[in-house]
Trainee: 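Handing you this structure, nothing more for now.
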Protein chains: 4
Amino acid sequence: MMEKKLGRPRSEETRKAILSAAYEMLVENGFKSITIEGISERAGVSKATIYKWWPNKAAVVLDGFFDATVSMLGIPDTGSVKEDLFIQISSLASFLTSSKGKVLLELIAEGQSDSNVAQEYRNRYFHPRRLISKAILEKAEARHELKKDLDLELLIDLLFAPLFYRLLITGEPVDPFFIERLISYVLIGSESD
Amino acid sequence: MMEKKLGRPRSEETRKAILSAAYEMLVENGFKSITIEGISERAGVSKATIYKWWPNKAAVVLDGFFDATVSMLGIPDTGSVKEDLFIQISSLASFLTSSKGKVLLELIAEGQSDSNVAQEYRNRYFHPRRLISKAILEKAEARHELKKDLDLELLIDLLFAPLFYRLLITGEPVDPFFIERLISYVLIGSESD
Amino acid sequence: MMEKKLGRPRSEETRKAILSAAYEMLVENGFKSITIEGISERAGVSKATIYKWWPNKAAVVLDGFFDATVSMLGIPDTGSVKEDLFIQISSLASFLTSSKGKVLLELIAEGQSDSNVAQEYRNRYFHPRRLISKAILEKAEARHELKKDLDLELLIDLLFAPLFYRLLITGEPVDPFFIERLISYVLIGSESD
Amino acid sequence: MMEKKLGRPRSEETRKAILSAAYEMLVENGFKSITIEGISERAGVSKATIYKWWPNKAAVVLDGFFDATVSMLGIPDTGSVKEDLFIQISSLASFLTSSKGKVLLELIAEGQSDSNVAQEYRNRYFHPRRLISKAILEKAEARHELKKDLDLELLIDLLFAPLFYRLLITGEPVDPFFIERLISYVLIGSESD
DNA sequence: TCCTAATCGAGACGGTACGTCTGGTCTTGAG
DNA sequence: CTCAAGACCAGACGTACCGTCTCGATTAGGA
């Protein structure tokens, strides 16, 4: 019934050193420039140890990223959908446009050719945040701020997709004014009365 | 005053061989698996020749891709915005979900770490298509199908962003039913009267 | 005054398992292919245990070899030097050309870069056998089969060196006919009267 | 009929740099301590280039050794077999006991587990020298210094084997006095009259 | 029966070198 | 001047063993 733990236990210190090294290098020079050899050197750790616990570069880097990006994820609750959404979307936008957020975009890029990576950022990043958005909208629904029977999933897509569209594709700026207009427009069709 | 063209002229045959080789390999195994060495071998061309005319892998591959994807780009004109948009968005969606379209997503991914690539697909792919969308909406405006003073740029973002959001990030399906709901919802706030 | 033997005593079973594993692997695939890791696995023993008792690979392997090659070493005594020598040299030759003997040649090879190894095979293999050869020759001297005041050491070198010369260097065969001629020629200059 | 020589020709400079580096390291620290990586670094050459032209470490090192050890190989001709042999054997002995000669012993060692190596030193080193010994003995035969119908091959084995036997196995010294006695004893059975 | 001390297995770890691969540059001679 | 052929450097890849190191479980004799 009990799991046996034979042999020398895995060093937590080493694990952290690897993840920090990976994350630092990620922020400094971007995903593309990272090498396992570099991580190993920076972390003062043997390459073999890295390969022992992670199958490839993407896996280490993802772990490093999410290990460092454990955030609060509080649900804003001002009493107004618009404000709640503005808070959530703004904070996402300012993260994405920071140097740390750039990394997330690179991981999304990596996910196009590595489905494990895609799986990871969906589960570890997008899914939890989507639940929050949904909670915001459901509360608003309960307060009768919104029409009944709205397609909340579509609504969420409409609220978030443009941020990534601009950052990943068109390169247009994502500023508070844009977010303001975005929320306003998307919610027009959803207001009750 | 005239530019002199001394020596052996550049071989058009060679140029085409390189671009086709690049494109074929792109469709077959994806961007990541492409190597200049592979292209050189497949095209029966020296590596040095490739480097002579393109600065790096991404440049050749982009050229190969856009060289092969010269499409019609007709402006749909059914007399109904919804239908026009449905035609344009559907055809984009079916392209993006095809094996050739997958390549575009990979190029977008590549663009996250190589701004030249980003510049290229913006200018050669997205900009022309955006003009068409704008034309559709402006015609509709002229027909008074839409309210005056709409933020057309925002509208276009809202119509296209969700496709890429789903394909690049969430992995949710992009089917005709989704497109239908998307267009409907986005246009609610824009209809005149 | 007495040595204290505190703690758990060394396991004889383990010692044997290591030596047998080493010897088997030695005969199967040769010295070069042996790894401590392999021995440890095959013997069902921890690497650390091996390093506890032997300083390096060569030491274990040597022990394994000599542990398995404890031979009779009887002194032939037919009454005739030639025959006695023929018996001894032939049996050496047939050992050296067997798969087990090949190992001895590999150990000699190893001895060129590891003086401990050289020391070991000299003391544990060659010295005892040289004493026998000397005994044979001294008996013959006592029987007046040989001249007085012969340089027995030189004689022994001349009798054995060619075997190793052929096996280690020239690759020429070492067969009974060769041994016959060898002994005959070497003893010509040594016969009394 | 003509061999075509397409492409960039192999760099002679690079080839030499590799062989010298290999040889220097061989003499300095012995065969065991040599690494391809070390040679590559010392020669200022890419590892890939080394692997392009030589299949493994032994091959490079052998080439380096024989490239550096191109010797005169004159046939001594004093008119006396004993003296001729003494000259040849002495010069071999002093080579073998020098730091450069130690390398040859290490190559012989390597040859025990790599038959290509064995083949090489037989063809490139031992065979030519054996021909000289034979020439010396044949001249002596022609001068009637030696008996007719002697087994010259055996004679040569007896003259050279003890040197290697002592150096490779017993560790006994190989000095002029020993060589003197060796030659004298071996030739006793061969003198005419 | 408990205590003390050494041995042992399992296996993590920092290293070093392996032999391979690709990117990008350079050198030749033919066209 | 262009091109094919192909040699070359740089540097990361992922693997294999090395020899060292915990950790917990065993196994003796002595208290």
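Throughout, protein chains are lettered first and strands after them, A, B, ... in sequence-line order, and every chain is numbered starting at 1. Given the structure is predicted, the values throughout are model-derived calculations rather than measurements.
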Trainee: Between atom CG in L6(D) and atom P in dC26(E), what is the gap in whole Å?
Mentor: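 Rounded to the whole Å, the gap is 22 Å.
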Trainee: Whole-Å distance between dT27(E) C1' and R15(D) CZ?
Mentor: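 That distance rounds to 19 Å.
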Trainee: Distance check needed: dG6(F) P versus Y51(B) OH, whole Å only.
Mentor: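 Taking OH of Y51(B) and P of dG6(F), I get 18 Å after rounding.
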Trainee: Nearest whole angstrom, please: distance from the C1' of dA5(E) to the CZ of R10(C).
Mentor: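 One finds 17 Å between C1' of dA5(E) and CZ of R10(C), rounded.
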Trainee: Check R124(A), R15(A), K16(A) against D67(A) for a salt bridge (Lys or Arg N to Asp or Glu O under 4.0 Å) and give me the one that passes.
Mentor: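 So the option named by the test is R15(A).
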Trainee: Using the closest heavy atom to pick a nucleotide of DNA chain F for each, name whichever of S11(D) or G7(A) lands nearer the 5' end.
Mentor: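 On the 5' side of the pair lies S11(D).
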Trainee: Can you sort out the partners of E106(A) under side-chain hydrogen bond (donor to acceptor under 3.5 Å, both in side chains), two or more places apart, ordered by chain and number?
Mentor: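 Checked E106(A) against side-chain hydrogen bond (donor to acceptor under 3.5 Å, both in side chains); zero matches.
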Trainee: Table please: side-chain donor-acceptor pairs of residues 46-55 of chain C below 3.5 Å, with sequence neighbours left out.
Mentor:
| from | atom 1 | to | atom 2 | distance (Å) |
| --- | --- | --- | --- | --- |
| S46(C) | OG | A48(C) | N | 3.1 |
| K47(C) | NZ | E37(C) | OE2 | 2.8 |
| W54(C) | NE1 | D63(C) | OD2 | 3.0 |

Trainee: Nearest to the side chain of T49(D), heavy atoms from C-beta on, is which of dG14(F), dC8(F), dG6(F)?
Mentor: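 Nearest to the side chain of T49(D) among the choices is dC8(F).
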Trainee: Relative to each other, are the rings of F126(B) and Y121(B) parallel, tilted or perpendicular (30° and 60° limits)?
Mentor: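 Answer is perpendicular, since the angle exceeds 60°.
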Trainee: Between dT20(E) atom P and I50(D) atom CD1, what is the distance in whole Å?
Mentor: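 Roughly 13 Å, once rounded to whole Å.
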Trainee: Taking atom CD of E13(A) as the centre, does the number of heavy atoms from other residues, nucleotides or ligands within less than 6.0 Å exceed 12?
Mentor: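 Incorrect, the count does not exceed 12.
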Trainee: Does dA4(F) have its OP1 or OP2 closer than 4.0 Å to a side-chain nitrogen or oxygen of T14(B)?
Mentor: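 For dA4(F), OP1/OP2 do have a side-chain N/O of T14(B) under 4.0 Å.
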Trainee: Considering only side-chain heavy atoms of R8(C), which listed nucleotide, dC21(F), dT7(E), dC13(E), is closest?
Mentor: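 Output: dT7(E).
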Trainee: Return the residues of residues 33-47 of chain A meeting this criterion: a heavy atom under 4.0 Å from some atom of DNA chain F. Order them by number, or give none.
Mentor: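 Heavy-atom cutoff 4.0 Å gives T35(A), I36(A), E37(A), K47(A).
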Trainee: Do K102(A) and F31(A) meet the cation-pi criteria used here (NZ or CZ under 6.0 Å from the six-membered ring centre, within 45° of the axis)?
Mentor: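 Judged by the rule, K102(A) and F31(A) form no cation-pi pair.
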Trainee: Quick one: which of dC23(F), dG11(E), dT2(F) gets closest to the side chain of K52(B)?
Mentor: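 Among dC23(F), dG11(E), dT2(F), the one nearest the side chain of K52(B) is dT2(F).
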Trainee: Which is more 5' along DNA chain F, the nucleotide nearest K57(A) or the one nearest P9(C)? Just name the residue.
Mentor: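 Nearest nucleotide further toward 5': that of K57(A).
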Trainee: Just to be sure I understand the rule, does W53(A) reach a base, reach only the sugar-phosphate, or reach nothing, if contact means heavy atoms closer than 4.0 Å?
Mentor: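 W53(A): backbone/sugar contact only, no base atoms under 4.0 Å.
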Trainee: Tell me whether the NZ or CZ atom of K100(C) lies within the 45° cone about the ring axis of F65(C) and under 6.0 Å from its centre.
Mentor: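 So K100(C) doesn't make the cation-pi contact.
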Trainee: In whole angstroms, how far is the P atom of dT7(E) from the CD1 atom of I18(C)?
Mentor: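 Result: 13 Å.
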Trainee: Nearest whole angstrom, please: distance from the P of dT27(F) to the CD of E12(C).
Mentor: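 For the pair E12(C) CD and dT27(F) P, the rounded distance is 16 Å.
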